[in-house]
Chemist: 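Quick one: this structure, given as C-alpha cells, is what I'll be asking you about.
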Amino acid sequence: MAAMAGLMMSGQAALALDQVRTTYLEKCGGCHGIEGLSGQTYIPTLRDRIGTLSCTPEGRAYLLTVPGVSMSLIRDDALMAQVMNFVLFDLGGHSTPAGTRPFTAEEVHTQRGHPLSTTDLPAVRAQVWARATACAAGHR
Ligand code: HEC
C-alpha cells in the first residue's frame, strides 16, 4: 500500500514537472532554447549562467521583473514560480549558489507589482550582472 502511494506520488510529480517543462518550451524556449542555449547573441544564455544573478537581492528581483518574465503570458503565479525554479535550478546548474531559496508564488506575485521600468535596459542589465558576478566570486 505504501509502495502504491509512493508510485502515485511520483506519478503526480512527473506530471507537474512535465507541465513546467512544456510551459517553458512554449513560452520561453522559442527565444531561450530548449536547453537554455539561445544560439542568438542578443538573447541571453540561461544554461549554467543564469543562477549567478540570484546571488544579490536585486539580481533575484531582476530575474522576475525582466520583460520576458514579467510580461509573459504565464499569468498563474504558482506556475511561473515553478517555471522560474526550472530555469534557476535545472538550466542554471552550477551557476546557482548553494542554499539559494526556490521562488514562491508569493514572491512572483509581489514582483509582478514592480515591473522593471527603464529606458536603458542594457545598462541596467549590465550593472545588475556586474554586481551579481562580484557577489558570486566572493562566495567561491
Ligand atoms: C521574445 C523572446 C523572449 C521570450 C519569449 C522570453 N525571453 Fe527572456 N529574455 C529575452 C531577451 C532579449 C532578454 C535580455 C533582456 C531584454 O532585452 O529584455 C531576456 C532576458 C531574460 C532573463 C534575464 C537574463 C539576463 O542575462 O539578463 C531571464 C531570466 C529570462 N529572460 C527568462 C525568460 C523566461 C523564463 C521566459 C518565459 C516565461 C522568457 N525569458 C521569455 C528574450 C525572450
Side-chain angles (χ1 to χ4, degrees):
M1 210 45 196
M4 187 76 172
L7 266 178
M8 284 168 66
M9 290 266 296
S10 59
Q12 278 171 5
L15 199 71
L17 188 64
D18 252 26
Q19 193 197 357
V20 172
R21 278 177 199 272
T22 307
T23 305
Y24 170 83
L25 287 184
E26 284 177 5
K27 302 291 199 301
C28 323
C31 286
H32 287 285
I34 299 175
E35 295 286 324
L37 301 169
S38 70
Q40 307 279 351
T41 48
Y42 55 92
I43 299 179
T45 292
L46 302 179
R47 174 160 291 277
D48 295 329
R49 279 185 53 82
I50 197 63
T52 301
L53 284 175
S54 68
C55 193
T56 59
E58 69 165 359
R60 193 175 166 99
Y62 170 84
L63 284 172
L64 297 181
T65 54
V66 72
V69 176
S70 67
M71 287 160 60
S72 171
L73 293 176
I74 306 172
R75 299 321 297 167
D76 184 85
D77 293 337
L79 181 57
M80 183 53 109
Q82 281 183 287
V83 168
M84 287 308 291
N85 284 332
F86 169 74
V87 166
L88 197 54
F89 296 102
D90 280 68
L91 300 182
H94 294 304
S95 69
T96 304
T100 300
R101 283 172 295 118
F103 288 113
T104 62
E106 289 72 30
E107 193 175 2
V108 168
H109 187 78
T110 304
Q111 293 300 344
R112 279 201 206 272
H114 308 276
L116 203 61
S117 143
T118 172
T119 51
D120 195 353
L121 181 57
V124 170
R125 177 173 183 264
Q127 287 164 11
V128 171
W129 259 109
R131 287 188 285 258
T133 304
C135 169
H139 284 257
R140 281 209 181 97

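Whatever order the structure lists them in is the order used to number ligands and atoms, beginning at 1. Sequence positions, counted from 1, serve as the residue numbers for this chain.
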Chemist: List in chain and number order the residues that pass side-chain contact (heavy atoms from CB on, under 4.5 Å) with R49, two or more places apart in sequence or in another chain; answer none if no residue qualifies.
Modeler: T45, W129

Chemist: Return the closest protein heavy atom for atom 24 (C) of ligand 1 as residue, atom name and distance.
Modeler: I50 CD1, 3.5 Å

Chemist: When you measure from atom 12 (C) of ligand 1 to each heavy atom in W129, Y62, Y42, F86, which option holds the nearest one?
Modeler: Y42

Chemist: Is R49 in contact with ligand 1, taking contact as a heavy-atom separation below 4.0 Å?
Modeler: no

Chemist: Any idea which atoms of ligand 1 are less than 4.0 Å away from a heavy-atom of M84?
Modeler: 35 (C)

Chemist: T100 and F89: which non-hydrogen atoms are nearest, and at how many Å?
Modeler: O-CZ, 3.6 Å

Chemist: Between H32 (side chain) and P44 (backbone), is there a donor-acceptor pair under 3.5 Å?
Modeler: yes

Chemist: Quick check against the 3.5 Å criterion: does R47 have a side-chain atom that pairs as donor or acceptor with the backbone of L37?
Modeler: no

Chemist: What protein heavy atom sits nearest atom 25 (C) of ligand 1, and how far away is it?
Modeler: R125 NE, 3.2 Å

Chemist: Using a strict 4.0 Å cut-off to heavy atoms of K27, name the atoms of ligand 1 that fall inside it.
Modeler: 5 (C), 37 (C), 41 (C)

Chemist: With a 4.5 Å limit on heavy-atom distance, are the side chains of R101 and R60 in contact?
Modeler: yes

Chemist: Could you find the nearest protein heavy atom to atom 29 (C) of ligand 1 and give me its residue, atom name and distance?
Modeler: L63 CD2, 3.6 Å

Chemist: Quick one, T118 and L121 - any side-chain contact, counting heavy atoms below 4.5 Å?
Modeler: yes

Chemist: Can you sort out which atoms of ligand 1 are near S72, meaning under 4.0 Å from one of its heavy atoms?
Modeler: 38 (C)

Chemist: Of the listed options (V128, V87, T45, L121), which comes nearest to atom 17 (O) of ligand 1 when hydrogens are ignored and any heavy atom counts?
Modeler: L121

Chemist: With a 4.5 Å heavy-atom cut-off, do L46 and Y24 have their side chains touching?
Modeler: yes

Chemist: When you look at CD1 of I34, are more than 12 heavy atoms from neighbouring residues, nucleotides or ligands closer to it than 6.0 Å?
Modeler: no

Chemist: Taking the side chain from S70 and the backbone from P115, do they hold a donor-acceptor pair closer than 3.5 Å?
Modeler: no

Chemist: For atom 8 (Fe) of ligand 1, which protein N/O/S atoms fall under 2.8 Å? Skip waters.
Modeler: H32 NE2

Chemist: Do K27 and V83 make a side-chain contact, defined as non-hydrogen atoms from C-beta onward lying under 4.5 Å apart?
Modeler: no

